[in-house]
Undergrad: 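So that we are looking at the same thing, I have put the structure below in structure tokens.
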Amino acid sequence: MNKLLISKNQVKLSNLTKVLWPKKGYTKGDLINYYIEMYPMIQDYLIDRPLSLKLFPDGIKGKSFYRKDCPDYAPDWLSVIPIKSHSSGRLIKWITVNQLSDLVWIANQTAIELHAWLSTGEKLEYPDFAVFDLDPVRGMEDTVQVALIIKKILDELELKAYLKTSGASGLHIFIPVFPIYTYVQIRDLLKSIAEMVIEVKPELATIVWQKDKRKDKVYIDYRQNATNKTIPAPYSLRPTPAATVSTPLNWNELKQDLDPADFNLNNIKNRLDLYGDLWHDLLATRQHLPGFLL
DNA sequence: GTCCGGG
DNA sequence: CCCGGACAACGCTTT
DNA sequence: AAAGCG
Ligand SMILES: [Mn+2]
Ligand SMILES: [Mn+2]
């Protein structure tokens with residue numbers, strides 16, 4: 001049993017050689033190392049945000065499960081955000097990451113996927129970014145096209161937007177905002193923008209709720225902008241054979257042949273060396289939403 | 001990964 | 001003792 | 001009530 005002391009907090013690390021990504025041979029130790037190295041880049045999207053973790057104790061092929069409520073056996077220093085559910089009244093001690101030791105502890109729990117709220121504990125009702133979650137059915141080409149149309153509309157609205165791969169099959173667009181708008185306001189605005197896209201390309205994109213009525217169109221998921229919902233954090237690993245990473249992209253990287261598998265645990269460091277952290281300034285780029293659309 | 005309850 | 005089950009069978013929006 | 005989502 002290895003132990004790690006991180007600013008007074010002792011984290012016990014176990015089974016570091018256990019293989020979690022069989023095809024690539026990446027181990028639990030690689031997982032923990034990855035998040036330690038990525039902490040400077042990922043911290044903005046974890047600190048003081050309620051998190052939902054997807055754990056894979058037996059690797060990406062084994063049984064997995066989600067965890068958001070902090071278990072009793074967690075160390076007493078683990079950071080949590082207690083939130084009472086609006087509908088049921090149940091109190092959930094949401095796990096969060098306010099310090100490196102928190103991240104190392106959840107990594108040792110085999111948290112491959114880190115899903116975070118759009119708002120922080122400080123202002124739970126007011127997100128500091130809005131999110132377009134583009135869910136493809138057919139493939140990446142259509143999704144890229146939809147993303148470019150959204151980008152054009154956002155440019156016209158003079159809203160700066162940030163792009164990343166989801167790490168699975170889709171794309172995420174984050175629009176940083178001043179934390180003064182409610183989830184309802186943000187959701188309504190993004191719905192309007194989605195409707196503009198569909199007006200231009202009705203054969204390409206959809207926002208219909210019923211899955212079987214979406215055909216093979218790209219689902220522009222704006223409904224993700226809601227309390228209690230989460231989105232994979234930038235730089236979150238994914239349980240894919242290639243150990244993909246949800247990776248920030250430059251808008252000029254949006255090409256028809258974009259392949260999410262090209263952005264993974266193996267080459268993300270190299271990419272950071274080349275391009276730096278493309279999302280470094282995201283949270284500092286607070287924006288007001290266009291009043292005429294609210 | 002860890003706890004718990006039942007064999 | 002070991003094994004199987006639970007941990008987001010949650011909470012939220014929309015129809 | 002139930003679908004759909006992370
Ligand atoms: Mn998605
Ligand atoms: Mn979605």
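Proteins come first, then strands; the chains are lettered A, B, ... in the order of their sequence lines, and each starts at number 1.
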Undergrad: For C:dC7 versus D:dC5, give the span between their P atoms, rounded off to a whole number of Å.
TA: 23 Å

Undergrad: Please report the distance, rounded to the nearest Å, between CG in A:D72 and C1' in B:dT2.
TA: 11 Å

Undergrad: When rounded to the nearest Å, what value does the distance between P atoms of B:dC4 and C:dA8 take?
TA: 15 Å

Undergrad: Of the nucleotides B:dT2, C:dT13, C:dC10, which one has an atom closest to the side chain of A:R187?
TA: C:dT13

Undergrad: Distance under 4.0 Å to a non-hydrogen atom of chain A counts as contact; along DNA chain D, which nucleotides mark the start and end?
TA: D:dA3 to D:dG6

Undergrad: Between A:K201 and A:E195, does at least one N-O distance fall below 4.0 Å, as a salt bridge requires?
TA: no

Undergrad: Just how far is it from atom CG of A:L103 to atom CG of A:N108, taken to the nearest 0.5 Å?
TA: 11.5 Å

Undergrad: Could you give the distance separating C:dA9 and D:dA2 at their C1' atoms, to the nearest angstrom?
TA: 14 Å

Undergrad: Quickly work out the A:L20 CG to B:dG1 P distance and round it to whole Å.
TA: 7 Å

Undergrad: First locate atom CG of A:D216, then atom CD of A:E203, and finally report the distance between them rounded to the nearest 0.5 Å.
TA: 10.5 Å

Undergrad: Can you tell me how far OG1 of A:T206 sits from NZ of A:K213, rounded to the nearest 0.5 angstrom?
TA: 11.0 Å

Undergrad: For DNA chain D, find the residues of residues 163-186 of chain A with a heavy-atom distance under 4.0 Å and give them by number; none if there aren't any.
TA: none

Undergrad: Using whole Å, report how far OH of A:Y73 lies from P of B:dC4.
TA: 10 Å

Undergrad: Distance check needed: C:dT14 C1' versus A:K191 NZ, whole Å only.
TA: 9 Å

Undergrad: Mind checking the OG1-CD spacing from A:T143 to A:Q256? Nearest 0.5 Å is all I need.
TA: 9.5 Å

Undergrad: Taking O4'-C1'-N9-C4 for purines and O4'-C1'-N1-C2 for pyrimidines, is C:dA9 syn (within 90° of 0) or anti?
TA: syn

Undergrad: Take atom OH of A:Y222 and atom C1' of C:dC12, then tell me their distance rounded to the nearest Å.
TA: 13 Å

Undergrad: Counting the benzene-type ring for Trp, do A:F174 and A:Y162 have ring centres under 6.0 Å apart?
TA: no

Undergrad: Give the ring-plane orientation class for A:Y26 versus A:W21, where under 30° counts as parallel, over 60° as perpendicular and anything between as tilted.
TA: perpendicular

Undergrad: Identify whether NZ of Lys or CZ of Arg in A:R187 sits under 6.0 Å from the centre of the six-membered ring of A:Y222 and within 45° of that ring's axis.
TA: no

Undergrad: Taking the minimum atom-to-atom distance to the side chain of A:K229, which one of C:dT14, C:dG11, B:dG1 wins?
TA: C:dG11

Undergrad: For residues 192-214 of chain A, which residues have at least one heavy atom under 4.0 Å from DNA chain D?
TA: A:W209, A:Q210, A:K211, A:R214

Undergrad: In terms of the angle between their ring planes, are A:Y45 and A:F129 parallel, tilted or perpendicular, with boundaries placed at 30° and 60°?
TA: tilted

Undergrad: Between C:dT14, C:dG11, B:dT2, which nucleotide gets closest to the side-chain atoms of A:N228?
TA: C:dG11

Undergrad: Is A:K151 close enough and on-axis enough to A:W251, meaning under 6.0 Å and within 45°, for cation-pi?
TA: yes

Undergrad: Please answer whether the main-chain N or O of A:V208 pairs with a side-chain N or O of A:R214 as donor and acceptor at a distance below 3.5 Å.
TA: yes

